*Asks:* 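Here it is: the structure, laid out below.
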Amino acid sequence: MPNVKLTDIRKTFEKGRIVAVDHVDLLVRDREYLTLLGPSGCGKTTTLRMVAGLIEPDKGEIHIDNQLVSDHPPEDRDVGYVFQQYALFPHMDVWDNVTYGPRVKGLDEEKSERICREMLEMVKLSERTDALPRELSGGMQQRIALARALAAGAKLLLLDEPLGALDAKIRTELRYELRKLVKDLKLTAIHVTHDQGEAMAISDRIAVMKKGRILQVGTPQELYMKPKHLFVAHFIGESNFLEGFVSKTNGKESIIELREGLMVHTLDKTYRKADKVVIAVRPEIFVIEKGRKKGVNSLYGNVEKYRFEGTNTRCEIQLENGDTVVVVRPALLTERLDAGEEVTVSFPVGKHFVFPYPEKGLREELRVE
Ligand SMILES: Nc1ncnc2c1ncn2[C@@H]1O[C@H](COP(=O)(O)OP(=O)(O)O)[C@@H](O)[C@H]1O
Ligand SMILES: [Mg+2]
């Protein structure tokens with residue numbers, strides 16, 4: 001069973017003008033479901049194609065199952081590659097598609113038939129062996145693509161936006177099936193997506209990528225609770241960002257002055273007086289009350305928008321200093337608020353993140369394209 005190790009991988013295109021992947025180090029553990037998550041163009045597909053052996057890195061090493069695979073062509077890497085476009089042979093029926101791998105490998109007929117039956121059962125399509133790909137729904141075609149990859153003996157599954165072309169409902173269903181399949185068959189999977197909800201639901205760990213680099217690797221919970229970069233706090237879940245600078249610090253906690261002199265307390269010790277920082281607060285961390293209430297980390301503002309969303313209410317508040325924050329509260333526990341209403345939003349000291357102000361500015365840092 002394979003683990004996968006990438007060491008200092010770099011890949012450029014067009015004579016070095018496009019740096020698609022750079023300084024990428026990653027260890028995917030044996031039997032792990034790991035997702036590469038990041039906005040379009042950040043280098044996910046390029047990374048996956050290098051693992052598959054479809055393209056060569058300019059620099060760095062790739063190990064699969066503790067073996068350096070630089071000289072191994074794709075067919076010797078025992079990987080199954082599933083794309084967004086259901087890449088089935090259109091003129092072959094389901095059975096021929098799935099038996100293709102074992103046949104090419106020269107397995108005897110009995111053995112390859114047994115494997116294919118097993119795989120089709122796994123993906124719940126044993127009844128459709130005679131169908132042509134075009135006669136099947138998108139979700140079914142993607143299941144067949146999986147069965148085909150697995151029948152060919154893949155121990156390492158590489159999934160490039162495999163659910164991307166499917167309807168929302170099927171996409172959510174297939175997420176769980178995909179994960180279960182990988183776990184039941186004790187495979188290792190590297191899944192690529194730009195959809196954070198999908199990544200959170202399906203993965204053991206997620207590697208968040210931006211502009212060719214991996215910013216942070218962690219479990220969904222680690223990334224949500226302890227984002228190490230502004231961009232991660234932005235891309236995983238939702239965050240409010242407030243700009244300011246450290247106005248006081250005593251080695252235990254700091255006071256940060258936001259725009260227009262609003263003050264907030266943090267337990268952060270890493271910054272020095274006058275450092276420019278950005279505070280990130282999750283929308284569900286804010287408490288909202290009508291009127292002006294005094295307290296630590298209480299900010300005053302007016303309701304701009306109030307939306308009932310079923311489980312939650314979502315409220316946009318314009319603070320006194322002009323910053324806007326989004327507050328999400330459980331609908332059943334929240335009073336209705338009207339636009340224009342004066343409110344206090346507060347958050348407990350320590351329930352937020354402090355980041356250094358990004359070199360190129362906040363807006364540029366958070367851009368996803
Ligand atoms: N064959 C190629 N030739 C030139 N540029 C490429 C090629 N493949 C990818 N790129 C560029 O490399 C960057 C990363 O692409 P890709 O890995 O496909 O991103 P993602 O899968 O995250 O959307 C993009 O800027 C893309 O335009
Ligand atoms: Mg891609």
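In listed order, ligands and their atoms are each counted from 1. Bear in mind the structure is a predicted one, so any value in this text is a computation, not a measurement.
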*Asks:* If you measure every N or O of F13 against every N or O of ligand 1, does any of those distances drop under 3.5 Å?
*Replies:* no
*Asks:* Could you tell me whether the side chain of P358 reaches within less than 4.5 Å of the side chain of L230, counting heavy atoms only?
*Replies:* yes
*Asks:* Is atom 27 (O) of ligand 1 in close reach of the protein, with a heavy atom under 4.0 Å away?
*Replies:* no
*Asks:* Name the closest protein heavy atom to atom 11 (C) of ligand 1, giving the residue it belongs to and the distance to 0.1 Å.
*Replies:* I18 CG2, 3.8 Å
*Asks:* Tell me yes or no: between the side chains of T193 and D195, is some donor less than 3.5 Å from an acceptor?
*Replies:* no
*Asks:* Going by distance alone, is a donor N or O of one side chain under 3.5 Å from an acceptor N or O of the other, for T188 and R31?
*Replies:* no
*Asks:* Closer than 3.5 angstrom, by distance alone: can the side chain of K44 be matched with the main-chain N or O of P39 as a donor-acceptor pair?
*Replies:* yes
*Asks:* Could you tell me, atom by atom, which parts of ligand 1 come under 4.0 Å of a heavy atom of S40?
*Replies:* 23 (O)
*Asks:* Nearest protein heavy-atom contact for atom 14 (C) of ligand 1: which residue, which atom, what distance?
*Replies:* G41 O, 3.4 Å
*Asks:* Check whether any protein heavy atom sits under 4.0 Å from atom 4 (C) of ligand 1.
*Replies:* yes
*Asks:* List for me each residue that meets salt bridge (Lys or Arg N to Asp or Glu O under 4.0 Å) alongside K290, sequence neighbours excluded, and say none if there are none.
*Replies:* E335, E341
*Asks:* For the residue pair F231 and F235, categorise the inter-ring angle as parallel (less than 30°), tilted (30 to 60°) or perpendicular (more than 60°).
*Replies:* parallel
*Asks:* With a 3.5 Å cut-off and sequence neighbours excluded, list the donor-acceptor pairs that the side chains of residues 201-208 form with protein atoms.
*Replies:*
residue : atom : partner : partner atom : Å
S203    : OG   : T35     : OG1          : 2.6
S203    : OG   : A199    : O            : 2.6
D204    : OD1  : R179    : NH1          : 3.1
D204    : OD1  : R179    : NH2          : 2.9
D204    : OD2  : Y33     : N            : 2.7
D204    : OD2  : K183    : NZ           : 2.6
R205    : NE   : E32     : OE2          : 2.4
R205    : NH2  : L27     : O            : 2.7
R205    : NH2  : E32     : OE1          : 3.0
R205    : NH2  : E32     : OE2          : 3.4

*Asks:* Which residues pass the side chain to side chain contact (heavy atoms under 4.5 Å, CB included) test with C116, not counting sequence neighbours?
*Replies:* W95, V98, T99, P102, A151
*Asks:* Around atom 12 (O) of ligand 1, find the nearest protein heavy atom and jot down its residue, atom name and distance.
*Replies:* A20 CB, 3.3 Å
*Asks:* Output yes when the distance from some N or O of ligand 1 to some N or O of T45 is under 3.5 Å, and no in every other case.
*Replies:* yes
*Asks:* Note the single closest protein heavy atom to atom 17 (O) of ligand 1, along with its residue, its atom name and the distance in Å.
*Replies:* T46 OG1, 2.5 Å
*Asks:* Are the side chain of R77 and the backbone N or O of V51 linked by a donor-acceptor pair below 3.5 Å?
*Replies:* yes
*Asks:* Side-chain donor-acceptor pair under 3.5 Å between D268 and S254, yes or no?
*Replies:* no
*Asks:* Please examine the side chains of R314 and V326, heavy atoms only from C-beta on, and report whether any two atoms are closer than 4.5 Å.
*Replies:* yes
*Asks:* Return yes when G43 approaches ligand 1 closer than 4.0 angstrom through a heavy atom, no otherwise.
*Replies:* yes
*Asks:* Relative to the heavy atoms of C42, which atoms of ligand 1 are at a distance of less than 4.0 Å?
*Replies:* 19 (O), 20 (P), 22 (O)
*Asks:* With 2.8 Å as the limit, jot down which protein N, O or S atoms are around the Mg ion (ligand 2).
*Replies:* T45 OG1
